[in-house]
Amino acid sequence: ANHEETLGFQTEVKQLLNLMINSLYSNREIFLRELISNSADACDKLRYAALDNDALYEGDSELRIEIEHDKEANTITLRDNGVGMNREDVIANLGTIARSGTAEFLNQLSGEQQKDAKLIGQFGVGFYSGFIVADEIAVRTRKAGTDVAEGVEWRSKGEGEFTVADIERAQHGTEITLHLKDDAKEFADDYRLQGLVRKYSDHIEVPVRMPKTETAKDDEGNSIEGSEVTTWETVNEATALWARPKSEISDDEYQAFYKHVAHDFSDPLTWSHNKVEGKLEYTSLLYVPGRAPFDMFDRDGSRGVKLYVQRVFIMDDAEQFLPLYLRFIKGVLDTRELSLNVSRELLQQDPKVDKIKAALTKRGLDMLKKLTQDKEQYQAFWNSFGSVLKEGPGEDSANREKIAGLLRFASTHTDTAAQEHGLADYVERMKEGQQKIYYVVADSFNAAKSSPHLEIFRKKGIEVLLLSDRIDDWLMSHLTEFDGKTFADVAKGELDLGDVEDEEEKKAQEETAKAKEDLVKRVKEALDGGVQDVKVTHRLTDSPACVVLPEHEMGYQMRRIMEAAGQ
Ligand code: ADP
Ligand code: MG
């Protein structure tokens with residue numbers, strides 16, 4: 001029976017559709033990239049599934065994407081012989097947005113932000129972008145390996161609801177027909193479509209084909225009626241981008257490919273493409289995104305690289321190949337070191353995985369190091385991802401020093417909240433005789449900046465790093481050294497300014513301490529065991545007193561976190 005039903009889009013989809021149509025108008029040609037990207041993914045998935053079961057190809061293993069248009073009807077049709085969808089898949093994939101946190105994200109966007117294409121594009125507009133150019137979309141699809149009668153037709157005008165119906169479909173895979181809006185008729189054009197395929201989808205490994213009609217001519221050069229022959233012409237390059245030599249790939253192609261693998265809308269900041277032969281063979285193409293996805297701090301959010309084994313797609317988000325603190329890195333890993341039937345479970349046990357992970361981690365850190373040469377770009381990176389990178393020293397002791405070199409801090413050097421000072425610069429500015437790297441941790445930048453512990457440092461012109469991110473205490477408990485210099489919390493333990501102080505100053509301090517012994521005794525009695533000790537200090541120049549933590553005591557932030565956790 002032709003079981004037809006009309007269903008409502010999930011609220012988030014309705015919101016997204018509204019925002020997208022408004023904000024992406026000037027970028028509307030990207031709809032084609034998004035649909036081709038989905039078809040390419042569907043072909044990848046079928047190739048993978050067919051490794052175990054060749055029958056899924058249904059005798060048609062030449063994977064391809066076809067694009068046709070009809071000027072009269074104002075339609076564009078995009079067809080693939082990929083994995084296809086059954087009814088359940090269609091309802092889930094083309095009726096909802098699966099990413100958690102989407103609702104909150106969309107609700108938070110202010111009126112002005114809603115017009116910002118980059119913000120909307122942040123979580124990948126995907127399939128729904130078809131509605132920027134179409135006032136109706138029809139999808140006909142059948143999951144590979146299912147019965148001809150199990151085809152599904154999905155239709156919608158993009159206005160809140162869609163219908164699904166059972167259809168018969170001989171061909172597995174998916175066909176999408178866009179009924180173009182009046183102001184988008186320009187897209188029903190050979191030249192335009194070819195240009196877009198080359199611009200956005202050249203790097204797709206699956207051939208993207210378009211029909212070409214030729215007519216035989218008679219001796220006088222006139223077309224012979226009825227002699228039209230249509231052939232399919234491959235429009236894109238159709239080889240995996242990462243497998244091509246670096247020298248032949250343009251920046252535009254690298255950027256277009258990024259948008260496909262990362263499902264991102266904006267350009268990446270930088271990338272690193274490496275082909276490694278020898279003991280461990282792999283090709284990697286890693287990218288640093290231009291901005292953080294809205295769900296970066298959702299630890300269950302997608303992360304990791306897209307894994308291929310000898311050009312065969314294996315899985316998305318293979319998180320085993322990069323450490324958690326580099327979870328913002330996107331890209332592709334292709335290796336012959338793993339077998340084609342590798343699974344997530346097997347990845348966890350394979351010692352080669354750790355070796356590749358160590359190698360990719362190094363690539364990732366080197367890529368960031370290189371990015372530091374461009375101050376502005378690196379600052380953009382740091383502002384988006386710095387707090388994630390700060391997890392590094394705790395997670396990866398082997399690369400601690402390397403990561404330390406990539407960290408950026410606010411500092412008394414400029415006294416601004418911008419985290420823009422690297423440790424190497426700090427070390428360069430150290431006073432003669434200064435042996436330690438000083439820092440203070442507080443709940444906010446302003447609290448750090450006005451900490452009484454800084455008084456003596458300011459007086460002597462010694463720079464102090466001003467830390468106030470939630471993770472900073474944790475970070476500093478793992479950062480022990482940089483460039484041979486240890487770190488010292490100015491609010492902890494004995495104050496040691498190294499050789500910055502001269503003998504005379506030290507002597508004067510000792511004398512003051514002696515003279516004030518009585519006072520110290522009285523203060524101690526008054527506090528009656530509420531503190532461990534009371535001492536005369538030269539930390540302060542203006543304030544009369546301050547609280548100091550013992551050297552090996554947990555910092556304030558850590559205490560608060562532990563307290564909150566009920567410890
Ligand atoms: P994304 O590609 O980021 O997952 P999309 O909105 O582009 O998001 O697509 C949503 C989902 O719809 C895809 O994940 C996929 O499961 C399904 N889908 C879309 N197009 C196709 C297609 N041509 N063939 C099979 N499945 C598809
Ligand atoms: Mg997509």
Side-chain angles (χ1 to χ4, degrees), residues 6-42 65 67 75-80 82 84-85 87-109 113-141 152-164 174-181 183-184 187 196 200-201 259-266 293-295 302 316:
T6 300
L7 298 164
F9 282 122
Q10 182 195 32
T11 318
E12 286 91 312
V13 177
K14 282 190 247 175
Q15 276 175 297
L16 175 67
L17 282 169
N18 277 330
L19 296 181
M20 204 176 52
I21 290 165
N22 288 321
S23 62
L24 294 185
Y25 186 82
S26 54
N27 291 302
R28 55 194 188 150
E29 60 187 37
I30 56 106
F31 79 91
L32 195 67
R33 166 185 93 198
E34 295 297 324
L35 298 182
I36 292 176
S37 176
N38 286 347
S39 285
D41 287 345
I65 300 169
I67 303 175
T75 58
I76 296 176
T77 299
L78 199 128
R79 195 179 304 120
D80 65 66
M85 289 178 274
R87 193 178 183 106
E88 219 179 302
D89 297 333
V90 167
I91 293 173
N93 296 332
L94 310 184
T96 65
I97 299 173
R99 281 172 83 177
S100 64
T102 302
E104 290 89 328
F105 173 76
L106 291 173
N107 288 331
Q108 275 165 17
L109 290 184
Q113 287 174 323
Q114 294 185 357
K115 295 191 195 104
D116 185 343
K118 286 206 182 109
L119 280 175
I120 308 300
Q122 202 175 352
F123 58 83
V125 286
F127 169 80
Y128 302 107
S129 65
F131 286 109
I132 314 174
V133 295
D135 47 24
E136 183 168 11
I137 299 180
V139 178
R140 290 176 198 86
T141 181
V152 187
E153 182 179 70
W154 177 103
R155 280 182 171 278
S156 175
K157 294 189 190 307
E159 285 170 347
E161 52 184 42
F162 60 92
T163 59
V164 265
T174 304
E175 179 179 279
I176 297 175
T177 301
L178 305 170
H179 296 262
L180 296 172
K181 292 178 180 172
D183 64 2
F187 291 107
L196 291 179
Y200 290 117
S201 308
K259 290 170 187 169
H260 170 60
V261 281
H263 298 238
D264 191 1
F265 184 85
S266 23
F294 70 93
D295 57 355
S302 72
D316 283 310

*For F31, enumerate each residue passing the ring pair (Phe, Tyr, Trp, His ring centres under 6.0 Å) test, keeping only those at least two apart in sequence or located in another chain.*
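In terms of ring pair (Phe, Tyr, Trp, His ring centres under 6.0 Å), with neighbours along the sequence ignored, F31 is linked to F187.
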*Tell me, please, which residues at least two apart from F127 pass ring pair (Phe, Tyr, Trp, His ring centres under 6.0 Å).*
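F127: ring pair (Phe, Tyr, Trp, His ring centres under 6.0 Å) contacts with W154.
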From [atom1] ([X]) to [atom2] ([Y]), nearest 0.5 Å:
X: L78; Y: I67; atom1: CG; atom2: CD1; answer: 5.0 Å
X: Q15; Y: N107; atom1: CD; atom2: CG; answer: 5.0 Å
X: L7; Y: T163; atom1: CG; atom2: OG1; answer: 8.5 Å
X: I97; Y: L16; atom1: CD1; atom2: CG; answer: 4.5 Å
X: I176; Y: L94; atom1: CD1; atom2: CG; answer: 7.5 Å
X: S23; Y: I132; atom1: OG; atom2: CD1; answer: 7.5 Å

For the side chain of [X] and the backbone of [Y], is there at least one donor-acceptor N/O pair under 3.5 Å apart?
X: Y25; Y: M20; result: no
X: T141; Y: M85; result: yes
X: K181; Y: F131; result: yes
X: S156; Y: E161; result: yes
X: E175; Y: T77; result: no

*How are the rings of F162 and F9 set relative to one another: parallel (under 30°), tilted (30 to 60°) or perpendicular (over 60°)?*
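Tilted: the ring planes of F162 and F9 meet at 30° to 60°.
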Nearest heavy-atom pair of [X] and [Y]: which atoms, and what distance?
X: I65; Y: S39; result: CD1-CB, 3.7 Å
X: L17; Y: G158; result: CD1-O, 3.7 Å
X: I137; Y: A134; result: CG1-CB, 3.9 Å

*Could you go through the side-chain contact (heavy atoms from CB on, under 4.5 Å) check for F265 and R33 one step at a time?*
CA-CA 11 Å; F265 184 85; R33 166 185 93 198; 3.8 Å; yes
Heavy-atom side-chain proximity of [X] to [Y] below 4.5 angstrom:
X: H263; Y: D41; answer: yes
X: T177; Y: R140; answer: yes
X: L178; Y: L35; answer: yes

*Can you list the steps and then say if I36 with H260 is a side-chain contact (heavy atoms from CB on, under 4.5 Å)?*
CA-CA 9 Å; I36 292 176; H260 170 60; over 6 Å; no
_Evaluate Q10 against T102 for side-chain contact (heavy atoms from CB on, under 4.5 Å), listing each step before the verdict._
CA-CA 11 Å; Q10 182 195 32; T102 302; over 6 Å; no
*What's the verdict on side-chain contact (heavy atoms from CB on, under 4.5 Å) for S129 and I30, showing C-alpha distance, side-chain angles and the deciding distance?*
CA-CA 8 Å; S129 65; I30 56 106; 4.2 Å; yes
